[in-house]
Amino acid sequence: ATTGRYAVVRCPRGHELVTAEEAGSEELQGCRACARGLEYILDPASDGCHKCPPGLRCSGTEQVEPVVEGSVWNVSGGSYVLDACPSGYAVFPEASVVAAAAATGQSDAFERAVAMSRCAECGEGSECTARLCTTCSPCQPGFYKPFVGTAACQACPRD
């Protein structure tokens with residue numbers, strides 16, 4: 001005996017499942033396309049659309065492209081997470097903020113931190129000269145950098 005009810009159980013690539021419970025009725029359930037340029041989705045079978053962080057260009061599917069070439073993104077907790085940036089940049093917000101939110105199980109805080117992730121140029125008076133960076137460090141004594149940017153600190157002029 002059939003009940004005459006149906007349920008959408010899987011959506012195509014680039015779409016999230018909206019269940020009858022979420023939609024408010026069986027007739028309104030279905031698949032919603034993730035917004036191209038604004039969202040991404042990793043697994044339509046078990047995931048929803050995620051806000052595209054400013055450090056990525058999103059296609060509405062699982063395919064993304066880093067805004068800063070050489071930045072390192074990995075999947076953690078069903079989201080793209082920024083792990084490292086190229087020389088001259090720092091991870092923003094700091095990786096420790098994202099890790100703390102994940103470790104404490106605060107999924108809302110984790111999602112908010114991940115949704116803001118990007119590579120930020122080192123500030124005035126700071127640098128990161130390693131191949132991959134997570135934070136910027138103050139210029140060494142005798143060196144300075146009078147602007148925000150990816151350049152390394154330079155030697156102070158001699159009197």
Side-chain angles (χ1 to χ4, degrees), residues 1-124 126-137 148-151:
T2 61
T3 63
R5 295 180 169 204
Y6 67 94
V8 178
V9 294
R10 186 165 181 85
C11 292
R13 183 174 180 247
H15 292 72
E16 71 179 348
L17 177 64
V18 180
T19 65
E21 293 79 28
E22 293 168 332
S25 78
E26 197 172 284
E27 291 77 29
L28 297 176
Q29 71 179 324
C31 297
R32 181 187 77 80
C34 296
R36 185 174 182 80
L38 301 174
E39 296 177 316
Y40 69 90
I41 186 167
L42 295 171
D43 182 9
S46 64
D47 206 4
C49 299
H50 296 278
K51 181 181 176 195
C52 187
L56 289 175
R57 288 185 198 93
C58 297
S59 65
T61 68
E62 75 285 352
Q63 294 189 325
V64 295
E65 179 183 320
V67 170
V68 174
E69 188 175 330
S71 56
V72 179
W73 294 80
N74 289 301
V75 175
S76 176
S79 298
Y80 282 110
V81 175
L82 179 59
D83 285 338
C85 297
S87 182
Y89 292 89
V91 172
F92 177 85
E94 291 183 19
S96 60
V97 171
V98 177
T104 59
Q106 298 174 330
S107 61
D108 289 346
F110 175 76
E111 283 295 321
R112 278 194 308 276
V114 167
M116 298 184 327
S117 295
R118 64 182 173 87
C119 290
E121 294 178 338
C122 291
E124 187 175 315
S126 66
E127 68 180 353
C128 180
T129 57
R131 189 176 70 77
L132 291 176
C133 300
T134 56
T135 60
C136 299
S137 301
V148 173
T150 60

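All figures in this text were calculated on a predicted structure; none of them were measured in a lab.
- Taking SG from C136 and CZ from F92, the interatomic distance works out to 12.0 Å, rounded to the nearest 0.5 Å.
- What you find for P12 and C31 is that their closest heavy atoms are CD-SG, 4.0 Å.
- Although no hydrogens or angles enter the test, the distance criterion places a donor-acceptor pair under 3.5 Å between the side chain of R57 and the main chain of P66.
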Exercise for the section: Start with the C-alpha gap between Y80 and L56, add the side-chain angles, then the distance that decides, and say whether side chain to side chain contact (heavy atoms under 4.5 Å, CB included) holds. Expected result: CA-CA 9 Å; Y80 282 110; L56 289 175; 3.9 Å; yes
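- Contact record, V64 with C58: CG1-SG, 3.9 Å, taken as the closest heavy-atom pair.
- In this structure, CG on L82 lies 9.5 Å from CG on N74, to the nearest 0.5 angstrom.
- When all heavy atoms are compared, the tightest approach of G14 to I41 is CA-CG2, 3.8 Å.
- Taken together, C133 and C128 meet the criterion of an SG-SG distance shorter than 2.5 Å.
- In this structure, the separation between OH on Y40 and SG on C52 is 8.0 Å, given to the nearest 0.5 Å.
- S117 places a side-chain heavy atom less than 4.5 Å from the side chain of P93.
- Annotation: the span from L42 atom CG to C34 atom SG amounts to 9.5 Å, rounded to 0.5 Å.
- Residues P86 and S71 form a side-chain contact, since some pair of their non-hydrogen atoms from C-beta on lies under 4.5 Å apart.
- Listed here is the closest heavy atom pair of V81 and S76: CG2-CB, 3.7 Å.
- Heavy atoms only, all atoms of each residue included: G78 and H50 are closest at O-NE2, 3.0 Å.
- Nearest heavy-atom pair, R36 versus S59, reported as atom, atom and distance to 0.1 Å: NH1-O, 3.2 Å.
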